[in-house]
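Here is the structure we will look at, set down as structure tokens.
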There are 2 protein chains.
Amino acid sequence: MPQSLARIKKDFTEGLSQISRFWGFPKGMGAIFAALYLSPTPLSLDEIVAETGLTKGAISTEIRALARMGLVHRSTKLGDRKDYYEAEADFYAAIKSILRERQNSEFDRAVGSVKVALATMDENWVDNEEWKFTYKRVQALQEFFDAIDSLAKAVIKLEGLGLSNVSKVLGVLK
Amino acid sequence: MPQSLARIKKDFTEGLSQISRFWGFPKGMGAIFAALYLSPTPLSLDEIVAETGLTKGAISTEIRALARMGLVHRSTKLGDRKDYYEAEADFYAAIKSILRERQNSEFDRAVGSVKVALATMDENWVDNEEWKFTYKRVQALQEFFDAIDSLAKAVIKLEGLGLSNVSKVLGVLK
DNA sequence: TACTACGTTTAGTATTCACTAAACGTACAT
DNA sequence: ATGTACGTTTAGTGAATACTAAACGTAGTA
């Protein structure tokens with residue numbers, strides 16, 4: 001017996017919700033994205049309400065986050081007061097967008113604090129073993145963060161290059 | 001006036017805690033790692049209690065997660081019943097370990113569900129536009145996950161190659 | 001002006017989750 | 001066996017957070 005499309009969509013949505021939660025996002029966010037991603041046409045807020053069962057309020061706030069990450073796009077129709085949303089289907093573009101967004105985040109402020117710790121030590125140098133050990137460790141972590149940063153920047157700069165190609169390149173490195 | 005080491009350590013720990021929280025881990029986990037990372041010698045459970053202010057119970061469970069990810073290592077001393085823990089200082093090795101760990105996670109189960117949805121559609125093919133559209137979308141997402149997967153595998157396989165080198169390689173790609 | 005159709009904000013609620021305190025299990029020592 | 005020094009597990013708590021319901025603001029329409 002053939003499975004209904006509705007069933008497929010439900011399973012798919014379930015999966016995306018779990019993935020969303022796994023990455024620390026609300027699971028409703030995954031559901032919203034799934035609804036948009038599986039829709040051939042852009043959806044209005046109320047249509048998303050119908051699809052996901054969430055309320056307008058929740059969707060309103062969460063879809064703004066999705067838009068900020070570049071995972072969904074907002075559009076309007078002339079003579080129609082509603083907003084319409086559609087999913088970004090190019091995941092590679094989405095990743096780049098997310099990395100860009102992350103650049104000015106809470107994460108970067110925290111990374112900055114490591115840099116500050118290092119600078120503070122530079123200015124107040126004490127010449128004993130414990131001090132030196134601590135300095136080397138903090139420095140190593142800071143270099144690691146720098147590497148992550150330049151890696152993210154490199155990925156952002158890559159043009160029209162799919163993820164699979166990247167992994168192919170890495171595979172050759174040996 | 002020279003800043004005390006204790007002060008530096010506190011700031012550093014604060015920063016790592018925030019970073020930990022940012023990535024969806026408990027902030028206590030960041031504090032535990034910071035304590036170990038800044039210690040020249042392996043620490044016992046009770047010493048970590050003293051450093052972080054957390055209780056044994058919390059540390060016991062969270063340090064197991066850290067160990068599973070390869071971020072800390074457990075060791076013992078002969079004639080000493082205590083366990084000792086030290087931080088993995090090679091972050092590149094840690095990343096590889098984390099990627100390996102992720103292989104059998106909740107995330108992969110969710111990804112698997114997408115694969116299942118696709119297989120279900122294969123077996124129950126219906127020839128209309130909506131069906132085809134849905135199929136293509138689900139398929140695209142599945143390919144994306146595959147790409148991520150092979151990327152992770154490629155990174156795991158890389159031997160003795162720092163992150164900075166990887167980003168250098170990507171930078172050349174254009 | 002009032003009315004309608006929107007999206008957003010807010011106040012309150014339910015649930016998740018990190019963490020504590022304490023009981024527990026275990027291995028070794030006496 | 002009794003005690004002691006560990007690590008682990010569990011029951012409970014407080015805080016963070018996702019979400020609901022409803023008030024609100026606003027722009028178009030009569």
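Lettering follows sequence order; numbering is per chain, from 1.
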Under 3.5 Å, is there a donor-acceptor pair between the side chain of B/T13 and the main chain of B/K9?
yes

What is the nucleic acid contact for B/G53, judged by heavy atoms within less than 4.0 Å: base, sugar-phosphate only, or nothing?
sugar-phosphate

Do nucleotides 6-15 of chain C as a string where each nucleotide becomes B, S or -: B if the base has a protein heavy atom under 4.0 Å, S if just the sugar-phosphate does, - if no protein is that close.
SBSB------

Using 0.5 Å steps for rounding, measure from the CD atom of B/E51 to the CG atom of B/L36.
9.0 Å

Short question: side chain of B/S44, backbone of B/D83 - any donor-acceptor pair under 3.5 Å?
no

Between C/dC19 (C1') and B/F25 (CZ): distance, integer Å
18 Å

For B/M29 and C/dC19, what is the distance between atoms CE and C1' respectively, to the nearest whole Å?
13 Å

Let me know the distance between CD of A/E62 and P of D/dA18, rounded to the nearest Å.
7 Å

In whole angstroms, how far is the P atom of D/dC6 from the NZ atom of B/K77?
12 Å

Any side-chain to backbone donor/acceptor pair from B/K96 onto B/L158? Under 3.5 Å, distance only.
yes

With under 30° as parallel and over 60° as perpendicular, where do the rings of B/F12 and B/Y37 fit, or are they tilted in between?
parallel

Rounded distance in Å - CZ (B/R21) to P (C/dA18)
12 Å

Between B/K115 and B/D146, is a salt bridge (charged side-chain N to carboxylate O under 4.0 Å, His left out) present by the stated rule, with each step listed?
CA-CA 10 Å; B/K115 209 166 293 193; B/D146 272 354; 3.7 Å; yes

Atom-to-atom span, CD1 of A/I59 to P of D/dT20 - whole angstrom:
8 Å

